[in-house]
Student: 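Before we start, here is the structure in question, set down as structure tokens.
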Amino acid sequence: MPELPEVETTRRGLAPAMEGKAISRVILNRPDLRFPIQSDFRARLAGRTVERIDRRAKYLLLRLSGGDVLVAHLGMSGSFRIEAARAPLATATLYREIPRLAAHDHVIFEMSEGARIVYNDPRRFGFMFVAADADLEHHPRMRGIGVEPLEPPLEPSTLDRLFEGAGTSLKAALLDQKRIAGLGNIYVCEALHRAGLSPLRRAATLSGGDQFARTARRRLASAICNVLSDAIEAGGSSLKDFSGADGKPGYFQHAFRVYDREGAACPKRGCKGAIERVVQSGRSTFYCRTCQR
DNA sequence: CGCATCCCCTGCCTGC
DNA sequence: TGCAGGCAGGGGATGC
């Protein structure tokens, strides 16, 4: 589910529920997600105020008072939901209301004002950890992450540098988080179709000074920025069950031009081709061989 | 070093 | 209806 637009949608949904508010307690329903959860995870969060929520690549960064940062990655199936504070019962409360747990609710953040932020992740490819904010850029999981494609907007000259000497396919190069951060399988396929470039082409053919490469870089840089901003504006893509933390599903999946559209007519005006599915480095690629060269 | 392959895990869909 | 197999938005480890 979550590529850059979905993570950004999640960030925007969580911000009003968490920023400026304190975490009173953290509940762990299992000792691990993708990786074991740090033994001091709960203690380092309790009582801290979430000062700001940022995004880097596909990571959410919750900056905490006291100099720590909570880093969360949603993997393939992770999502957050907000359960608003319940109104206090009018008369004496005879029981403590137990919130309903859904399957795969692994981590719950209780906020001081009563709201609960629930992390759900069926496949458990997601993970979280707490780190000192000052060391974050040296952290093994954060080190080496590539450029952010939107802020500032990706430049053709950056693509020139990133693809120089790359022996791999354009598709694989764009999926590589060490080059550009935040693209995943959907948005790479969509960006390449918008740019009219074949995912099978060698990435290095976009580097250098010849006319084709210069044009291709310009088209690709624009296509990447445009598809990501369009998707963010649509609240991301909801394939199965993704929804932003506010509970609203995204609707960018209706704007897919190639992803998961094998056999459909190519949507490009005037193109008579059809969308094909091929496998590259073990993952599906959708493209039109007629207009993507 | 770069690249392909396999693997982690659960759920859903297809075909038999 | 049940079951096996394939596939899924990510990315880390391994081996060539």
Side-chain angles (χ1 to χ4, degrees), chain A residues 1-11 29-37 55-60 71-80 102-107 119-129 139-146 162-192 199-204 207 227-228 230-232 234-244 249-263 277-286:
Chain A
M1 142 185 22
E3 304 182 31
L4 188 153
E6 290 74 35
V7 179
E8 178 62 23
T9 297
T10 300
R11 188 194 71 76
N29 291 325
R30 52 176 304 129
D32 60 317
L33 293 170
R34 174 163 186 173
F35 307 110
I37 292 175
R55 179 191 55 75
R56 170 78 173 104
K58 298 172 190 168
Y59 289 87
L60 290 168
V71 182
H73 192 293
L74 304 178
M76 288 276 265
S77 58
S79 64
F80 283 97
H104 312 300
D105 281 350
H106 303 312
V107 186
Y119 179 70
N120 183 285
D121 188 355
R123 292 177 73 179
R124 244 182 300 126
F125 287 172
F127 53 91
M128 295 182 198
F129 60 89
H139 191 281
R141 305 227 176 273
M142 307 298 293
R143 196 172 42 209
I145 293 179
L162 293 176
F163 293 156
E164 184 181 0
T168 193
S169 67
L170 189 49
K171 165 90 185 294
L174 290 173
L175 277 178
D176 182 356
Q177 301 298 299
K178 293 191 285 301
R179 291 189 167 94
I180 301 169
L183 295 173
N185 207 28
I186 291 176
Y187 296 105
V188 167
C189 291
E190 293 297 316
L192 285 171
L200 309 177
R201 156 185 294 282
R202 279 201 334 131
S207 183
V227 76
L228 292 177
D230 289 354
I232 290 171
S237 303
S238 296
L239 288 199
K240 289 194 171 74
D241 52 3
F242 173 79
S243 51
Y251 51 90
F252 191 73
Q253 66 279 11
H254 303 301
F256 289 170
R257 299 185 189 177
V258 291
Y259 184 81
D260 203 21
R261 303 197 64 228
E262 182 179 16
R277 172 183 175 272
V278 296
V279 174
Q280 288 181 284
S281 39
R283 309 185 65 189
S284 289
T285 294
F286 299 91

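Basis for what follows: all heavy atoms, side chains included, without hydrogens, waters or symmetry-related copies. Chain A is the first sequence line, chain B the second, and so forth, proteins listed ahead of strands; every chain is numbered from 1.
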Student: Strictly below 4.0 Å: does His104(A) bring a side-chain N or O up to OP1 or OP2 of dG11(B)?
Tutor: yes
Student: Enumerate the residues from residues 174-184 of chain A whose closest heavy atom to DNA chain B is under 4.0 Å, giving them by residue number; use none for an empty result.
Tutor: none
Student: Could you check if a side-chain atom of Asp230(A) sits within less than 4.5 angstrom of a side-chain atom of Phe252(A), using non-hydrogen atoms only?
Tutor: yes
Student: Can you measure Met76(A) atom CE to dC7(B) atom P for me and round it to whole angstrom units?
Tutor: 16 Å
Student: OP1 or OP2 of dC7(C) less than 4.0 angstrom from a side-chain nitrogen or oxygen of Ser284(A), does that happen here?
Tutor: no
Student: Under 4.0 Å, heavy atoms only, any strand: does Ala172(A) hit a base, just the sugar-phosphate, or nothing?
Tutor: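 No contact at all - Ala172(A) keeps every heavy atom at 4.0 Å or more from the nucleic acid.
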Student: Quick check: does any side chain N or O of Arg201(A) sit under 3.5 Å from a backbone N or O of Ala203(A), one acting as donor and the other as acceptor?
Tutor: no
Student: Output the single nucleotide from dC9(B), dG10(C), dG11(B) whose closest atom is nearest the side chain of His73(A).
Tutor: dG10(C)
Student: How does DNA chain B look in dot-bracket form if you count Watson-Crick and G-U pairs under 3.5 Å, write [ ] for pairs that cross, and put | where a base pairs with another strand?
Tutor: .|||||||.|||||||
Student: Would a distance-only check, ignoring hydrogens and angles, find a side-chain to backbone donor-acceptor pair under 3.5 Å from Glu3(A) to Ile186(A)?
Tutor: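 Between the backbone of Ile186(A) and the side chain of Glu3(A) there is a qualifying donor-acceptor contact (under 3.5 Å).
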Student: Taking all non-hydrogen atoms of both residues into account, name the closest pair between Thr9(A) and Ile232(A) and its distance.
Tutor: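 Taking Thr9(A) first and Ile232(A) second, the nearest heavy atoms are OG1-O, 4.4 Å.
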Student: Take atom CZ of Arg283(A) and atom C1' of dC8(B), then tell me their distance rounded to the nearest Å.
Tutor: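 Answer to the nearest Å: 14 Å.
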Student: How would you list, by chain and number, every residue that makes a salt bridge (charged side-chain N to carboxylate O under 4.0 Å, His left out) with Arg283(A), sequence neighbours excluded?
Tutor: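 Checked Arg283(A) against salt bridge (charged side-chain N to carboxylate O under 4.0 Å, His left out); zero matches.
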Student: I'd like the C1' distance from dC6(B) over to dG6(C), given in whole Å.
Tutor: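 My reading of the C1' atoms in dG6(C) and dC6(B) gives 16 Å.
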Student: In this structure, how many angstroms lie between the P atom of dG10(C) and the CE atom of Met128(A), rounded?
Tutor: 18 Å
Student: Atom CZ of Phe163(A) and atom P of dC3(B): how far apart are they, to the nearest Å?
Tutor: 12 Å
Student: Given atom CG of Leu4(A) and atom P of dG11(C), what is their separation to the nearest angstrom?
Tutor: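 Atom CG in Leu4(A) sits about 11 Å away from atom P in dG11(C).
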Student: Against the six-membered ring of Phe35(A), is Arg141(A) placed for a cation-pi contact (under 6.0 Å from the centre, within 45° of the normal)?
Tutor: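 Pair Arg141(A)/Phe35(A) counts as cation-pi.
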Student: For Arg30(A), which residues count as a salt bridge (charged side-chain N to carboxylate O under 4.0 Å, His left out) partner, sequence neighbours excluded?
Tutor: Asp32(A)
Student: Taking only the P atom of each, what is the distance from dT5(B) to dC7(C) in whole angstrom?
Tutor: 14 Å
Student: When you check the side-chain N and O atoms of Ser237(A) and Tyr187(A), is any donor under 3.5 Å from an acceptor?
Tutor: yes
Student: Rounded to the Å, how far apart are Tyr259(A) OH and dG10(C) C1'?
Tutor: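 Atom-to-atom, Tyr259(A) to dG10(C), this comes out as 12 Å.
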Student: Measure the distance between the ring centre of Phe125(A) and the centre of the six-membered base ring of dG10(C), then answer whether it is under 5.5 Å with planes under 30°.
Tutor: yes
Student: Regarding Gln253(A) and Ser238(A), do their side chains bring together a donor and an acceptor under 3.5 Å, going by distance alone?
Tutor: no
Student: Just checking His73(A) against Phe125(A), ring centres under 6.0 Å apart?
Tutor: no
Student: Between Lys171(A) (NZ) and dC3(B) (P), how many Å, whole number?
Tutor: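 Distance, rounded to whole Å: 15 Å.
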Student: With distance as the sole criterion, do the side chain of Arg123(A) and the base of dC9(B) form a donor-acceptor contact below 3.5 Å?
Tutor: yes
Student: For the residue pair Phe127(A) and Tyr59(A), categorise the inter-ring angle as parallel (less than 30°), tilted (30 to 60°) or perpendicular (more than 60°).
Tutor: perpendicular
Student: Please, which pairs that meet salt bridge (Lys or Arg N to Asp or Glu O under 4.0 Å) have at least one residue in residues 167-192 of chain A, sequence neighbours excluded?
Tutor: Asp176(A)-Lys178(A), Asp176(A)-Arg179(A)
Student: Please report, rounded to the nearest Å, how far the C1' atom of dG10(C) is from the CG atom of Leu33(A).
Tutor: 14 Å
Student: Under 3.5 Å between N/O atoms: give me all the protein pairs with nucleotides 12-16 of chain C, atom names plus distance.
Tutor:
unit_1  : atom_1 : unit_2   : atom_2 : d
dG12(C) : O4'    : Arg34(A) : NH2    : 3.3

